[in-house]
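Taking it in order: structure first as structure tokens, then the write-up.
Predicted, not measured: the structure shown is a model, and the values here were computed from it. A note on names: the letters A, B, ... follow the listed sequences, proteins ahead of strands, and every chain is numbered from 1.
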2 protein chains.
Amino acid sequence: MDDGDDAIRQSAPAELPGEDTQAHRFGLAREAQATAVTEDYVELIDDLITTGGEARPTDIARRLGVAHATAIKTISRLKRDGFAVSRPYRGVFLTEQGRELACRVRARHRLVVEVLTMLGVPEDVAEADAEGIEHFVSPVTLAAFAAYRDRHGA
Amino acid sequence: MDDGDDAIRQSAPAELPGEDTQAHRFGLAREAQATAVTEDYVELIDDLITTGGEARPTDIARRLGVAHATAIKTISRLKRDGFAVSRPYRGVFLTEQGRELACRVRARHRLVVEVLTMLGVPEDVAEADAEGIEHFVSPVTLAAFAAYRDRHGA
DNA sequence: TTCAAAATGAAGCCTTGGCTACAGATTGCC
DNA sequence: GGCAATCTGTAGCCAAGGCTTCATTTTGAA
Ligand SMILES: [Mn+2]
Ligand SMILES: [Mn+2]
Ligand SMILES: [Mn+2]
Ligand SMILES: [Mn+2]
């Protein structure tokens with residue numbers, strides 16, 4: 001309002017994307033974030049059942065590094081949302097919907113780790129970073145990753 | 001407790017990492033998540049100031065796709081944590097700490113987009129996915145990305 | 001100078017996902 | 001069969017990050 005910056009303002013360097021575009025991108029990231037915990041739980045539950053035969057709340061909590069009460073509350077959301085069922089002292093079980101999600105999530109997790117590793121990231125760091133990254137890899141990017149892996153020796 | 005799965009249990013297929021290792025990884029992801037919003041805000045504020053001369057709460061909110069009240073509350077956390085200061089109707093300003101963070105965050109954002117693009121991800125998808133991925137790329141992975149970019153044509 | 005539009009910010013509500021503390025159920029060992 | 005250890009689950013607390021509503025301030029144009 002004091003300095004005449006009209007020229008600057010109207011020739012806006014185009015370094016920033018359009019407002020709507022950017023808002024949409026942030027919105028997508030927020031959506032992905034909202035499902036991240038669900039994805040981690042179903043993947044872990046499926047892993048525990050596959051390798052150990054059962055997935056008890058206590059085991060889930062210990063593997064996630066959270067208090068057991070936290071795990072129980074989250075599991076109740078999983079049940080509410082149709083991803084799991086549970087029988088006290090018998091463990092948590094995935095519904096068909098839960099297994100389907102776990103399957104997709106695990107495949108994505110592995111592909112992300114694989115690509116990171118191919119890019120020169122040490123295995124354990126790749127595994128750690130993938131735990132966060134995986135939730136934000138869209139289907140298109142996932143396809144690009146798969147193509148890259150297939151293109152180059154795996 | 002009924003079927004004898006001792007053999008299965010003690011020869012645990014080693015598909016899962018150790019409990020502590022896995023808990024640690026999830027913990028790192030939770031930590032990274034906790035700073036994601038701060039990172040997006042400071043990066044955006046810095047962009048707005050650079051390209052438009054000012055960063056008003058309303059502009060920030062519109063670009064993020066959130067209500068202005070949400071932006072204001074988050075900005076107050078930014079101020080509380082020493083990343084920003086603000087003068088009503090004059091916009092938000094980054095502290096030295098804020099600018100430093102913005103700088104790192106922007107560099108990381110760009111490198112992530114660059115690598116995704118090199119991997120065959122379309123520009124706009126790369127830009128969208130990077131908005132989430134960026135927050136989980138550790139320094140080691142970032143270095144690997146930079147090396148990859150330099151190694152191959154950029 | 002007036003005044004309507006725009007921006008600001010506070011208040012209060014919600015859900016998620018953390019936590020601790022406590023109560024109750026089950027298991028499995030002796 | 002009993003009992004201690006383990007597991008489960010509830011209750012209640014907290015902060016973050018969304019939201020809407022409303023009051024107030026500032027701006028800028030007439
Ligand atoms: Mn994960
Ligand atoms: Mn995972
Ligand atoms: Mn981001
Ligand atoms: Mn970013």
Taking CZ from Arg90(B) and P from dT27(D), how many angstroms apart are they, rounded to a whole number? 6 Å
Kindly say if Arg30(A) contacts the phosphate of dT16(C), meaning a side-chain N or O under 4.0 Å from OP1 or OP2. no
Nearest 0.5 Å please: distance from the CD atom of Glu43(A) over to the CZ atom of Arg106(A). 6.5 Å
Tell me which nucleotide among dT20(C), dT8(D), dG9(C) gets nearest to the side chain of Pro57(A). dT8(D)
side-chain contact (heavy atoms from CB on, under 4.5 Å), paired with Ile133(B), selected from Asp129(A), Val112(A), Val137(A): Val137(A)
Find the distance Arg87(A):CZ to dA25(C):C1' and express it as a whole number of Å. 16 Å
Taken to the nearest whole Å, CD/Glu54(B) to C1'/dT8(C) is 14 Å
Which label fits Tyr148(B) and Tyr148(A): parallel for a plane angle under 30°, tilted from 30 to 60°, or perpendicular past 60°? perpendicular
Whole-Å gap separating P (dT25(D)) and OH (Tyr89(B)): 9 Å
Atom-to-atom span, CG of Asp81(A) to P of dT15(C) - whole angstrom: 13 Å
Name the residue closer to the 5' end of DNA chain D, choosing between His68(B) and Val37(B) according to the nucleotide with the nearest heavy atom. Val37(B)
dC19(D) phosphate, OP1 or OP2: any side-chain N/O from Thr70(B) under 4.0 angstrom? yes
Check if the side chain of Lys73(A) and the base of dG9(D) share a donor-acceptor pair of N or O atoms closer than 3.5 Å. no
Verify the contact: side-chain N or O of Arg77(B) to OP1 or OP2 of dG17(D), cut-off strictly under 4.0 Å; return yes or no. yes
Would you kindly give the CD1-to-P distance between Ile72(B) and dA10(C), to the nearest whole Å? 8 Å
His135(A) has an atom NE2; how far is it from atom C1' of dG17(C), in whole Å? 14 Å
Can you see if the side chain of Arg80(B) gets near the phosphate of dA16(D) - specifically, an N or O under 4.0 Å from OP1 or OP2? yes
Taking the six-membered ring for Trp, are the ring centroids of Phe83(A) and Tyr41(A) within less than 6.0 Å of each other? no
Identify the heavy atoms of Val140(A) and Pro122(B) that sit nearest to each other, and give their distance. CG1-CD, 3.8 Å
Students often get this wrong, so: under 4.0 angstrom with heavy atoms, is Arg62(A) touching a base, only sugar-phosphate, or nothing? nothing
Please confirm whether the shortest side-chain N or O distance from Thr58(B) to OP1 or OP2 of dA6(C) is below 4.0 Å. no
Tyr41(A) OH to dT16(C) C1': how many Å, rounded? 11 Å
Which of these nucleotides, dT8(D), dC19(C), dA7(C), is closest to any side-chain atom of Val66(A)? dC19(C)
